[in-house]
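What follows is one structure encoded as structure tokens, with my remarks underneath.
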Amino acid sequence: MQSLRAFYLLQAFFLLMFIGKVNAKDAPFNHFPKNATCILSVEPWDNRLIGQDTIATEIMVYDSRRALNRSIWTFSTSDIFFRKALTPFDVTRQDYVETIRLLHPYAVAFSEGKTSDWARQVVGDTIVLGGAGNGFNIPSWVPSDILQGMTSHKFFIDGKSYDFFNAYVKLIHELPSKGYILGNIMTGTCKEVIWMIKRTHPEYVQLGLEQMRGEAFTKYWNKDPSRYKRKFNIWADSIRTVYPGVKVIADIPPSHSNNQTDQAWIKELQTGLKADGVRDYWHLHWMSRGQFSGNYEKDKQVMYSIFSTTLPELIAKNKRLFPGKELIIDQWSVSLTGDGGRNPYKRTFFGTSYIPRMVQFMIEFNRDHNDVIASAKYENLKQLIGNKGTKSMEFEVTRMIANLFSEPANVLDIKSVLAGTIMFGVKAGNQYKLILLNDQEEAVQLPKEINFDGRLLTIHIKEALASPGPTSTEWSSYSSNGSINGYSIVYITAQ
């Protein structure tokens, strides 16, 4: 039986060689040299990411022996501390903590968005309710129109002052997860950042967010990026003196930008910058380059090109501009607030599929390129869980994928998948964990056994979610004995 399988697999391989789908050098899928640390040329990446040209033969799964970088499973806390009309919400509530715990976050970040330009911390205060702090502790002199609707508004729960940072600290301790700090380099103090590090034990501290934009650039830095660099270097030295193990991240323009002022900022920060890494962001709207038209057939190709071409190009660009610096994806998401309605696929199955596609891209690209993506942060928890606590399709898909990140693991190398699907996963101890995305109308049939590292193991479909169609916002769970519905995402285990 094994020899017959080997014969068919060899036959399929030579057939693909003949029709030009595989070349002998990179067979069968990788177009980048493995373990490359500096990518200088870009070719289309792995076709498995786009659900095309896949092999409908026996599925072959191997342990790559490359550790999963769990730091890419970080989440943003932007706006989670209040609901509509700035009604305060206690993020330390047990039901909320348990909901976030389902996502198995490696790290959770504070503070977020442009709030980080104005948020202050009361050094020495650790009380969530009834302490010296209130909200983001934004000074009263800050103009009310600066912060996307957030002002120096005061927040109280049961008549007690509600401090967001202290609530965040309690949240990550309850989960538990690592911290991730965005320091207010614009109007805050380095002492406050060091206090935040002491409370949260982060791996990363980012100093500033979009400092080359708006009033931060024109008024505070006076359109002079060297001023940001000088202050950044002073703060980075101070942080490392107290916490030498913390990595300090610099704020640079997004890689997709070609703005003239952004180029000047980049040029200044390319030399003499005492940063361990630089940040980028990969929101769906920006990565699609505004090309979504509402025509699903055309827009599928746009989605596919994000992973086959756009992201590898942006990584290559970042590594050329900042060699030796870690690449930190400060934000990525399906739905970007303020995208002007240019993403017609919010809350749809097609839009939500950006999540498994992105996770597959990051873990497998890291596997093949020495963890070139050092950390990545989903923006944000508020988008996954609505104002009324409603869990979106995005939340349910994210929760399923979170099983891959719940413990240390190795990334899998999957040599063939069912036509029209993508499959990726990890091996944790003796257990294999797989995510399968069926991004087509037709159902597919999984075999009862899959070849894992040369052994046939029975698979178990732990959970399955399906949508009526790619542009539908509806979804439902279903049970399966191997038949995978169209427009589905499935969590599978074997051991």
Side-chain angles (χ1 to χ4, degrees), residues 45 47-52 75-76 78-79 103 254 256 280-311 313-314 329 331-362 376-387 390-402 420-424 435-442 464-477 484-490:
W45 199 57
N47 280 333
R48 288 174 297 164
L49 289 166
I50 63 176
Q52 293 182 336
F75 291 85
S76 160
S78 182
D79 299 342
L103 301 178
H256 66 262
D280 203 349
Y281 52 82
W282 289 351
H283 294 292
L284 176 57
H285 167 65
W286 294 117
M287 296 304 96
S288 65
R289 294 170 173 169
Q291 293 180 11
F292 282 151
S293 63
N295 182 318
Y296 173 65
E297 291 302 320
K298 291 182 179 179
D299 292 344
K300 279 196 302 185
Q301 303 307 315
V302 175
M303 177 73 86
Y304 298 159
S305 69
I306 291 173
F307 301 98
S308 65
T309 305
T310 302
L311 293 182
E313 286 178 347
L314 294 181
I329 307 307
Q331 298 175 7
W332 71 275
S333 74
V334 174
S335 305
L336 172 61
T337 302
D339 66 7
R342 290 166 288 187
N343 176 6
Y345 298 108
K346 288 183 179 179
R347 306 302 187 193
T348 66
F349 182 84
F350 179 62
T352 301
S353 75
Y354 189 64
I355 298 173
R357 293 178 192 279
M358 179 64 80
V359 174
Q360 184 195 20
F361 176 83
M362 289 194 293
K377 173 155 41 79
Y378 189 86
E379 169 77 18
N380 58 44
L381 290 172
K382 186 70 169 287
Q383 291 184 12
L384 298 176
I385 307 169
N387 279 316
T390 305
K391 300 178 182 65
S392 63
M393 189 192 314
E394 293 173 23
F395 174 86
E396 297 298 343
V397 169
T398 303
R399 178 185 56 75
M400 291 171 66
I401 295 172
T421 71
I422 66 171
M423 181 182 281
F424 59 98
I435 296 293
L436 183 146
L437 172 68
N438 185 17
D439 190 24
Q440 60 187 345
E441 185 177 0
E442 294 78 17
L465 174 152
S467 183
T471 60
S472 173
T473 58
E474 298 179 359
W475 58 272
S476 60
S477 299
I484 307 303
N485 294 350
Y487 306 116
S488 285
I489 183 166
V490 181

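Quick caveat, the model's predicted, so the values are computed rather than measured.
- At distances below 3.5 Å, at least one donor-acceptor pair connects side-chain atoms of Asp299 with backbone N or O atoms of Ser293.
- Using modelled atom types and a 3.5 Å distance limit, the side chains of Glu379 and His283 yield no donor-acceptor pair.
- A distance-only check finds a donor-acceptor pair linking the side chain of Thr352 to the backbone of Thr348 [under 3.5 Å].
- With a 4.5 Å cut-off on side-chain heavy atoms, Tyr378 and Leu384 count as touching.
- In this structure the side chain of Met287 reaches within 4.5 angstrom of the side chain of Leu311, judged on heavy atoms.
- Aromatic pair Phe361/Tyr354: ring centres not closer than 6.0 Å.
- No side-chain heavy atom of Phe424 sits less than 4.5 Å from a side-chain heavy atom of Leu436.
- For Ser467 (side chain) and Phe349 (main-chain N/O), no donor-acceptor pair under 3.5 Å exists by modelled atom type.
- What you find for Ala376 and Met362 is that their closest heavy atoms are CB-SD, 3.6 Å.
- A distance-only check finds no donor-acceptor pair linking the side chain of Asp280 to the backbone of Pro254 [under 3.5 Å].
- You'll find the side chain of Met423 stays beyond 4.5 Å of the side chain of Ile435, heavy atoms only.
- A distance-only check finds a donor-acceptor pair linking the side chain of Asn438 to the backbone of Asn485 [under 3.5 Å].
- With a 4.5 Å cut-off on side-chain heavy atoms, Pro356 and Ile401 count as touching.
- The distance from the NE2 atom of His285 to the OG atom of Ser333 is 10.5 Å, given to the nearest 0.5 Å.
- Remark: the backbone N or O of Asn380 is not paired with any side-chain donor or acceptor of Ser78 at under 3.5 angstrom.
- A distance of 14.0 Å separates CZ of Arg347 from OG of Ser472, quoted to the nearest 0.5 Å.
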* To do: Assess whether side chain to side chain contact (heavy atoms under 4.5 Å, CB included) is satisfied between Phe395 and Leu103, documenting all intermediate values.
  => CA-CA 9 Å; Phe395 174 86; Leu103 301 178; 3.7 Å; yes
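- Here the closest heavy-atom approach between residue Tyr487 and residue Pro470 is recorded as CZ-CD, 3.4 Å.
- In terms of heavy atoms, Ser488 sits closest to Ala466 at OG-CB, 3.4 Å.
- Separating the CD atom in Glu396 from the OG atom in Ser476 is a distance of 11.5 Å, to the nearest 0.5 Å.
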* Could you go step by step and tell me if Tyr345 and Val334 meet the side chain to side chain contact (heavy atoms under 4.5 Å, CB included) rule? -> CA-CA 9 Å; Tyr345 298 108; Val334 174; over 6 Å; no
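- Taking CH2 of Trp475 as the start and CE of Met393 as the end, the distance is 8.0 Å to the nearest 0.5 Å.
- Taking the six-membered ring wherever Trp is involved, the centroid distance between the rings of Trp332 and Tyr281 does not fall below 6.0 Å.
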* To do: Under the side chain to side chain contact (heavy atoms under 4.5 Å, CB included) rule, what do Leu284 and Met303 come out as? Steps first, then yes or no, please.
  => CA-CA 9 Å; Leu284 176 57; Met303 177 73 86; 4.2 Å; yes
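- Counting heavy atoms from C-beta outward, Met358 and Ile306 have side chains that stay 4.5 Å or more apart.
- By the 4.5 Å heavy-atom criterion applied to side chains, Phe350 and Lys300 are counted as neighbours.
- One distance of note links NZ of Lys346 with CD of Glu394; it measures 9.5 Å at 0.5 Å rounding.
- Other residues, nucleotides and ligands contribute only 12 or fewer heavy atoms inside 6.0 Å of the CD atom of Glu441.
- Taking 4.5 Å as the limit, every side-chain heavy atom of Thr398 sits out of range of all side-chain heavy atoms of Val359.
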* To do: Please report the C-alpha distance between Lys377 and Ile329 in whole Å, then the side-chain angles of each, then the deciding distance to 0.1 Å, and finally whether the side chain to side chain contact (heavy atoms under 4.5 Å, CB included) criterion is met.
  => CA-CA 6 Å; Lys377 173 155 41 79; Ile329 307 307; over 6 Å; no
